[in-house]
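Chain naming here is simple, since letters A, B, ... match the order of the sequence lines and numbering starts at 1 in each. Here the structure is a predicted model, which is why all the values come from computation and not from measurement. Values reported hereafter were calculated over all heavy atoms of this structure, with side chains retained and with hydrogens, waters and symmetry mates removed.
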Number of protein chains: 2
Amino acid sequence: MAARPRAPVPDKRRIILDAAVKVFARQGFTQCRVADIADEAGVAYGLVYHYFRSKDAVLDTLFLERWEVMVEVIGQVDQQDLPAREKLRYVAGFIDDSYRHDPDLMKVIIVEVTRAANSFGRTHMPDIQRAYGRLATIVEGGMRTGEFRTAVTPAFAAMAFYGVIEQVLTQWIFAEGPIGDEEFDRAKDLIVETVCGGLNG
Amino acid sequence: MAARPRAPVPDKRRIILDAAVKVFARQGFTQCRVADIADEAGVAYGLVYHYFRSKDAVLDTLFLERWEVMVEVIGQVDQQDLPAREKLRYVAGFIDDSYRHDPDLMKVIIVEVTRAANSFGRTHMPDIQRAYGRLATIVEGGMRTGEFRTAVTPAFAAMAFYGVIEQVLTQWIFAEGPIGDEEFDRAKDLIVETVCGGLNG
DNA sequence: GCTGCGATTGACGGGTCAGTCAAGGCTGGA
DNA sequence: TCCAGCCTTGACTGACCCGTCAATCGCAGC
């Protein structure tokens, strides 16, 4: 694919997407108006509709852009020759870093999509399931080598693992101030330690 | 408090609340109109505003009604003389049964409140935190007796535990058909087995 | 039967907002 | 310089919906 021939310098489409992340994170998808996105982007109202079919399409684009990267990463981690626990640690670290790098985007993805059972969560269910499936494959590998117990199914373990991660992110989302670097670093380890090690002594 | 002197037989307030659960679960809080609630309840539009200050107040009432019971139960379980793991199992079972008994209500509570970081989740944060706090107390007790490792903090463990439970419910919420009894029964054990036992062999 | 009052009704006001569209701007090629 | 075509603008349309309110209902007590 050749470099895009047009788009002189300011990629308005990108500017609109970035503005939408901010606005969706601040006000929520439903509460915000398309005019808010346009204002945040410093662009006319109608331009949003030049680049996107609808308000929904803006969120769809944001979600897919990031989610597909994540699914890809999970798949690639599983290709590596590593203990399953290390693979999970890498995944937890990736999601953790995603939040650290762009908390607004992750907030939007989690709050407006992966947990929105009546709207975008339903339309993107196949994408979400794909991520679960790949996590389950990692767990399954760990069970095959005897590294993990088989007390629960790989699918259940994957769900639990992802549930813990989302809950950690949710805490951060609800938190008032910014999160410190130490907390980000610690979280990766705690997530894996909890899910793999368990509470029992 | 004496029995309410009025309210001949059909408690319209209750009917409206029950109808709201159905409608909120089916369409989501934002997507549904107050008229939908009134229609579902078989009641005039204005009556909703006779019993509730606003559409928001209907959801607040539904949430608090159930959430306060849950917080109370968690507190009482902790009073019992049981291993911490059994306490957690009881809590998981209670939430599990809550969903089994009234999936629509639990769906509404989770989707529209505990995970709604931009609206009701924020206003009810203190209530939600209270539940976390009580779970953490249970874990802390388990650590004091040596039953649980102290590899993670009680607060983190409580969060992880609750995260797994919510993720299980979320799966059910997203599922198309009804959930079988066996699956409900199995879930309680799997949740505790995962969080307490861990994946490592 | 009459009166008082809470329960109930549903049309309406006022405001909001997604998406459309016609017009104007800008740029690069001829 | 001129033209063609995409980029950009923002007022406008049509629809939607929350909450109000004036009117009506129906029961309880007298």
Side-chain angles (χ1 to χ4, degrees), chain A residues 1-63 108 112-113 116 118-120 123, chain B residues 1-24 26-63 108 112 116 118-120 123:
Chain A
M1 195 190 306
R4 51 221 136 99
R6 257 165 239 296
V9 167
D11 184 347
K12 292 291 178 70
R13 188 185 130 95
R14 187 74 256 158
I15 290 174
I16 290 168
L17 283 172
D18 292 343
V21 169
K22 273 195 192 167
V23 176
F24 290 163
R26 193 192 312 135
Q27 309 172 229
F29 178 81
T30 317
Q31 286 71 33
C32 95
R33 295 162 295 153
V34 173
D36 295 330
I37 302 174
D39 288 351
E40 179 75 38
V43 133
Y45 184 92
L47 198 62
V48 176
Y49 286 91
H50 178 71
Y51 287 106
F52 301 95
R53 204 174 343 101
S54 64
K55 188 184 172 192
D56 284 18
V58 177
L59 179 54
D60 285 336
T61 303
L62 287 171
F63 169 74
V108 170
E112 309 292 350
V113 185
N118 286 304
S119 50
F120 293 92
T123 56
Chain B
M1 193 189 308
R4 52 225 136 97
R6 256 165 239 297
V9 167
D11 183 347
K12 292 293 179 69
R13 190 185 129 96
R14 186 75 254 160
I15 290 173
I16 290 169
L17 283 171
D18 292 343
V21 169
K22 273 194 191 167
V23 175
F24 289 164
R26 192 193 311 135
Q27 307 171 231
F29 177 81
T30 317
Q31 286 71 32
C32 95
R33 296 162 294 153
V34 174
D36 295 330
I37 302 174
D39 289 350
E40 179 74 38
V43 133
Y45 185 93
L47 198 61
V48 175
Y49 287 91
H50 178 70
Y51 287 107
F52 300 95
R53 205 176 343 100
S54 64
K55 188 184 171 191
D56 283 19
V58 177
L59 179 55
D60 285 335
T61 304
L62 287 170
F63 169 73
V108 170
E112 309 293 349
N118 286 304
S119 51
F120 292 92
T123 56

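- Atoms CG (Asp36(B)) and P (dC16(D)) sit 12 Å apart, rounded to a whole Å.
- At whole-Å resolution of the value, CD1 in Ile37(A) and P in dT9(D) are 15 Å apart.
- Gln27(A) has its CD atom 13 Å from the C1' atom of dC17(C), to the nearest Å.
- As rounded to whole Å, 14 Å separates atom C1' of dC26(C) from atom CG of Leu47(A).
- Both Gln31(A) and Gly46(A) lie near DNA chain C, and the one whose nearest nucleotide falls closer to the 5' end is Gln31(A).
- Tyr45(B) and Ala35(B) get closest at one heavy-atom pair: CE1-N, 3.6 Å.
- Closest contact between the side chain of Lys12(B) and the listed nucleotides dT8(C), dG19(C), dC18(D) involves dT8(C).
- Nucleic acid contact class of Val48(B) (heavy atoms, under 4.0 Å, all strands): none.
- Considering only side-chain atoms of Tyr51(B), the nucleotide from dT9(C), dT8(C), dT8(D) that sits closest is dT8(C).
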Output, in order, the C-alpha distance, side-chain angles, deciding distance and verdict of side-chain hydrogen bond (donor to acceptor under 3.5 Å, both in side chains) for Asn118(B) and Gln27(A). CA-CA 6 Å; Asn118(B) 286 304; Gln27(A) 309 172 229; over 6 Å; no

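- Taking atom CG of residue Asp39(A) and atom P of nucleotide dT9(D), one finds them 11 Å apart after rounding to whole Å.
- Following rounding to the nearest Å, Phe52(B) (CZ) and dT8(C) (C1') show an atom-to-atom distance of 15 Å.
- Taking each heavy atom of Ile16(A) and Ile37(A) in turn, the nearest pair found is O-CG2, 3.9 Å.
- Among the nucleotides dC17(D), dT8(C), dA18(C), the one closest to any side-chain atom of Arg33(B) is dC17(D).
- Here the nucleotide nearest the side chain of Tyr49(B), chosen from dG10(D), dC18(D), dG19(C), is dC18(D).
- Protein atom CZ of Phe29(A) is 12 Å distant from nucleotide atom C1' of dC17(C), rounded to whole Å.
- In this entry the distance linking NE2 of His50(A) with C1' of dT8(D) reads 8 Å, nearest Å.
- Applying the 4.0 Å criterion to OP1 and OP2 of dT20(C), one finds that Tyr45(A) has every side-chain N and O outside that range.
- Among pairs with a residue in residues 52-61 of chain B, none fulfils salt bridge (charged side-chain N to carboxylate O under 4.0 Å, His left out), at least two apart in sequence or across chains.
- Of the charged side-chain nitrogens involved, none lies within less than 4.0 Å of a carboxylate oxygen, so that Asp18(A) and Lys22(A) do not count as a salt-bridged pair.
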